[in-house]
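Presented below is the structure to which this report refers.
What you are looking at is a predicted structure, and each value in this text was computed from that prediction instead of being measured.
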Amino acid sequence: LDFTGSFTAEAWFYKQSNNFGVLASQWTHGAGKRWEFDVTGGGQLKAHISDNGNNNFIIQTVETISLNEWHHAVLVFDAGGSVIIYLDGEITSLGYQSGTLPTSVNNVSKDLIIGQSLWGGNKFKGAIDEVRIWNVARTQSEIQANMNDALTGSESGLVAYYKMSDGSGTSLADSSS
């Protein structure tokens, strides 16, 4: 999955336990530009964005996610200098923020990992659906306009789209074009 600069990562999820779990990430061993979007054991959304190891930025929401309910989570990284987390179409309140926000996240040749960390831990306990990665910072109105709809796969800026109903075994089909 290749993109540089701004991006948006979104997914529907159904959390079934109070364990920490990864929704989606493009992480790498050692220093490198990378990101990860998680649900904490306490039920908050958390994002970690890093460039070459010099700038590590972490934010966590205040809102607590209910177990055994579907929710829509969105991470928007704007290379212009902001990060926003949305829960069910609404901007969340930030309870924790630390570090320096990188100016870019270059994810050339890094695989998208869904439901666990790069090393296989932090497995998400529950279900994940409709994972979408965009190479733009989407607005709240853009997010709300299609969060409840299936996409065609040819939307402008869409670089990965996993419906979770295509593929077999441990492989998913990317429905973006």
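Linking ILVMFWY residues whenever their side-chain heavy atoms come closer than 4.5 Å, directly or via other members, places Val159 and Tyr162 in the same cluster. If you chain together hydrophobic residues whose side chains sit under 4.5 Å apart, Leu112 and Phe7 fall into the same group. Both Phe57 and Trp35 belong to a single network of hydrophobic side chains, linked directly or stepwise wherever heavy atoms of I, L, V, M, F, W or Y lie under 4.5 Å apart. Cluster annotation: Ile143 and Val131 are assigned to distinct hydrophobic clusters (Ile/Leu/Val/Met/Phe/Trp/Tyr, side-chain heavy-atom contacts under 4.5 Å, transitive).
No side-chain heavy atom of Thr8 sits less than 4.5 Å from a side-chain heavy atom of Ile133. When side chains are defined from C-beta on, Ile65 counts as touching Leu45, because their heavy atoms get closer than 4.5 Å. Taking 4.5 Å as the limit, every side-chain heavy atom of Gln44 sits out of range of all side-chain heavy atoms of Val39. Two residues are said to be in side-chain contact when any heavy atoms from C-beta on lie closer than 4.5 Å; Lys46 and Thr61 fail this criterion.
Legend: residues meeting side-chain hydrogen bond (donor to acceptor under 3.5 Å, both in side chains) with Gln97, ordered by chain and number and at least two apart, are absent. For Ala137, the side chain to side chain contact (heavy atoms under 4.5 Å, CB included) criterion is met by Ser6, Val76, Asp78, not counting sequence neighbours. Looking at residues two or more places apart in sequence or on another chain, you find no ring pair (Phe, Tyr, Trp, His ring centres under 6.0 Å) involving Tyr161.
In plain terms, the two heavy atoms of Ile128 and Ala11 that are nearest each other are CG2-CB, 4.2 Å. Summarising the geometry of Ile114 relative to Met164, their closest heavy-atom pair is CG2-CE, 3.7 Å, with the distance given to 0.1 Å. Pairing each heavy atom of Pro102 with each of Asn55, the nearest pair is CG-O, 3.7 Å.
With hydrogens and angles disregarded, no donor-acceptor distance shorter than 3.5 Å links the side chain of Gln116 to the backbone of Ile113. For Asp174 (side chain) and Ser176 (main-chain N/O), a donor-acceptor pair under 3.5 Å exists by modelled atom type. Checked by atom type and distance alone, the side chain of Trp12 pairs as donor or acceptor with a backbone atom of Met147 at under 3.5 Å. No donor-acceptor pair under 3.5 Å is formed between the side chain of Ser25 and the backbone N or O of Phe37. Looking only at distances, no side-chain donor or acceptor of Glu69 sits under 3.5 Å from a matching main-chain atom of Leu67.
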Distance-only donor-acceptor hits, side chain of residues 15-22, under 3.5 Å, sequence neighbours excluded:
unit_1	atom_1	unit_2	atom_2	d
Lys15	NZ	Ser17	O	2.8
Lys15	NZ	Asn19	O	3.0
Lys15	NZ	Thr40	O	3.4
Ser17	OG	Asn19	N	3.3

Identify all side-chain donor-acceptor contacts of residues 80-96 below 3.5 Å with residues at least two apart in sequence or on another chain.
unit_1	atom_1	unit_2	atom_2	d
Asp88	OD1	His72	N	2.7
Asp88	OD2	His71	ND1	2.9
Glu90	OE2	Gln144	NE2	3.4
Thr92	OG1	Ile85	O	2.8
Ser93	OG	Glu63	OE2	3.4
Tyr96	OH	Ser98	OG	3.3

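Aromatic ring orientation, Phe13 versus Phe124: perpendicular (interplanar angle above 60°, classes split at 30° and 60°).
Applying the salt bridge (Lys or Arg N to Asp or Glu O under 4.0 Å) test to every pair with at least one member in residues 128-145, sequence neighbours left out, gives these pairs: Glu10-Arg132, Glu10-Arg138, Glu130-Arg132.
To the nearest 0.5 angstrom, Asn146 atom CG is 9.0 Å from Asn148 atom CG.
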Might you work through the side chain to side chain donor-acceptor pair (under 3.5 Å) test for Glu36 and Ser117, ending with a clear yes or no? CA-CA 8 Å; Glu36 185 170 281; Ser117 63; 5.8 Å; no
